[in-house]
Number of protein chains: 2
Amino acid sequence: MLEINPDWTGKRLELIETAGQLFANSGIDGVSIREIAEKSNVNIASINYYFGSKENLYTESLRYVAWQVRCPLAQKILQDESIDYSSKEQCIEIIRKLIGERIQNYLSDKYPAWYSRLLLRSLIEPPPKCEDIIFQTFIPEFNALVEVLMRCNPANTLAKCRFWAFSILGEISFYVFAEPGIKLALNIAEKYTQKFLSQLQEHITSLILKGLDLKEE
Amino acid sequence: MLEINPDWTGKRLELIETAGQLFANSGIDGVSIREIAEKSNVNIASINYYFGSKENLYTESLRYVAWQVRCPLAQKILQDESIDYSSKEQCIEIIRKLIGERIQNYLSDKYPAWYSRLLLRSLIEPPPKCEDIIFQTFIPEFNALVEVLMRCNPANTLAKCRFWAFSILGEISFYVFAEPGIKLALNIAEKYTQKFLSQLQEHITSLILKGLDLKEE
DNA sequence: GTTTAAATCAAACGATTGTTTAATTATTTT
DNA sequence: AAAATAATTAAACAATCGTTTGATTTAAAC
């Protein structure tokens, strides 16, 4: 798992927040350190003073948002020995919560929208030294999600549960990085509403439950 | 719909193919025209001679790949008056084909992998003058897909069919832009195999059919 | 074969890039 | 209060950026 960085404070944090937002919108090469310095109200040299290089600032911004929007619920659930996976109702509730956590952390106003956007941008264009952060963020969460899905219905194969896990992660991610197109298609302005997000949670949950043959009705 | 460009020939096409691949990997700001010229074995000035600017070259590359990987099947199906949507088997086959077309065009070796990567990158980071291409590519295909889903089961609401359409588009897109992470998680090397892609097609189709209450068994 | 247009080229343009320097100011430590 | 460390600054660094120029070569048109 990703480790917390004690230096996410003061001027360093300010720079991370300002630069991260710019990086999320335009990529590391689309932003100049002068633009970052100007919007942060610091001298250009401060970036190298605090982070050593522009690249390090990007890496730190990524590590920061990856930590912020992480979804450790699946791991917690796996360690909870009081869970009875033979109870259909409990399994349904677990899956609903897992999907809900990711939707809230990625799509709601709990965090600024650029947090998840920077994270997903780094997936399609992993800058140097960022692969570790990406993989340490996604792989453990993915594996834990797969594990939970398998426990909820042991009759399903590993291959199937992996597909379902990607269905969950993929669809939610799509609402992040295709946001402009989606809002145009749905005629939505500004942010996703909580009502829309709970509908989305219901939709994905229902989809997965039917796939797992857990849906009652 | 997007229009074909008669200038996708000769040196112009060579430049588009070379530059597009670089753009897909590193973004418009991550590639220099000198790098493009070198890998295309042309003079630096040729880029401005043929396209006017680097930005125009990006736009043309995007228009080119958007045309190549477009999925017009849904529109064709809508215009086919011989289709009987009360036939469950026919509806299942249509949905399977729709999903299959997108998977083939986005993920198989039918086209170079960077085609779809450039398209999706442009979704999260739309360069100037590219919004039109993006929207003309995705929105009509999305709307057609929604329309087909509604005809297959008129009992479903528009809102639900939109969610399902995004489930299809989102999950397939995820396999494009999260490719490095997915291959690490699944321990896959090189390209997705056709076997894997047909499993994926089966998985998504099954998911949607269950959601539409069309799945027999 | 002559003329026109298209294509290619090396070279240079001004602007901007990330980074570094060295001096100065602020803050903390002793 | 003196010394030492941390933080901030303006200025300059070499390198690279996208673009343009003007000359040269190639191809097409008459």
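These figures come from a predicted structure and were not determined experimentally. Sequence lines set the chain letters: A, B, ... in the order given, protein chains first and strands last, and positions in each chain run from 1.
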Comparing Val42(A) with Val31(B), nearest DNA chain D nucleotide closer to 5' gives the residue Val42(A)

Which nucleotide in the set dA10(D), dT19(D), dT19(C) lies at the smallest distance from any side-chain heavy atom of Asn43(A)?
dA10(D)

Could you say whether Lys11(B) or Arg34(B) is positioned toward the 5' end of DNA chain C, judged by the nucleotide with the nearest heavy atom to each?
Lys11(B)

What's the closest nucleotide to the Ser46(A) side chain, out of dC17(D), dT9(D), dT8(C)?
dT9(D)

Between Glu171(B) and Ser167(A), does any side-chain donor sit less than 3.5 Å from a side-chain acceptor?
yes

When the distance from CD1 of Ile36(A) to P of dT16(C) is rounded to whole Å, what number comes out?
17 Å

Just compare dT20(C), dT19(C), dT19(D) and give me whichever is closest to any side-chain atom of Ile33(A).
dT19(C)

Spacing between Leu15(B) atom CG and dG18(D) atom P, to the nearest angstrom
14 Å

What is the separation between atom CG on Asn48(A) and atom P on dA6(D), rounded to the nearest whole Å?
18 Å

Send over the distance from Asp29(B) CG to dG18(D) C1', rounded to a whole Å.
11 Å

Can Glu190(A) and Lys183(A) be counted as an ion pair, charged N to O under 4.0 angstrom?
no

Between dA6(C), dT19(C), dT19(D), spot the one nearest the side chain of Ile44(B), thanks.
dT19(D)

Axial cation check for Trp114(B) ring with Arg117(B), 6.0 Å and 45° limits:
no

Please give, in whole Å, the distance from dT27(C) P to Tyr49(A) OH?
13 Å

Candidates dC9(C), dT19(C), dT19(D) - which lies nearest the side chain of Ser53(B):
dT19(D)

Please pick, from dC17(D), dT20(C), dA7(C), the nucleotide with the shortest atom-to-atom distance to any side-chain atom of Lys54(B).
dC17(D)

Kindly point out which of dT19(C), dG18(C), dT9(D) is positioned nearest to the side chain of Ser32(A)?
dG18(C)

Check whether the ring centres of Phe51(B) and Tyr58(B) lie less than 6.0 Å apart, and answer yes or no.
no

Would you kindly give the CD-to-C1' distance between Glu38(B) and dT16(D), to the nearest whole Å?
14 Å

Report the distance from atom CD1 of Ile47(B) to atom C1' of dA7(C), rounded to the nearest whole Å.
15 Å

Starting the side chain at C-beta, find the nucleotide from dA7(D), dT8(C), dT9(D) nearest to Tyr50(B).
dT8(C)

Take the protein atom CZ of Phe51(A) and the nucleotide atom P of dG18(C), then report the distance between them rounded to whole Å.
15 Å

Output field: ring centroids Phe138(A)/Phe142(A) closer than 6.0 Å
no

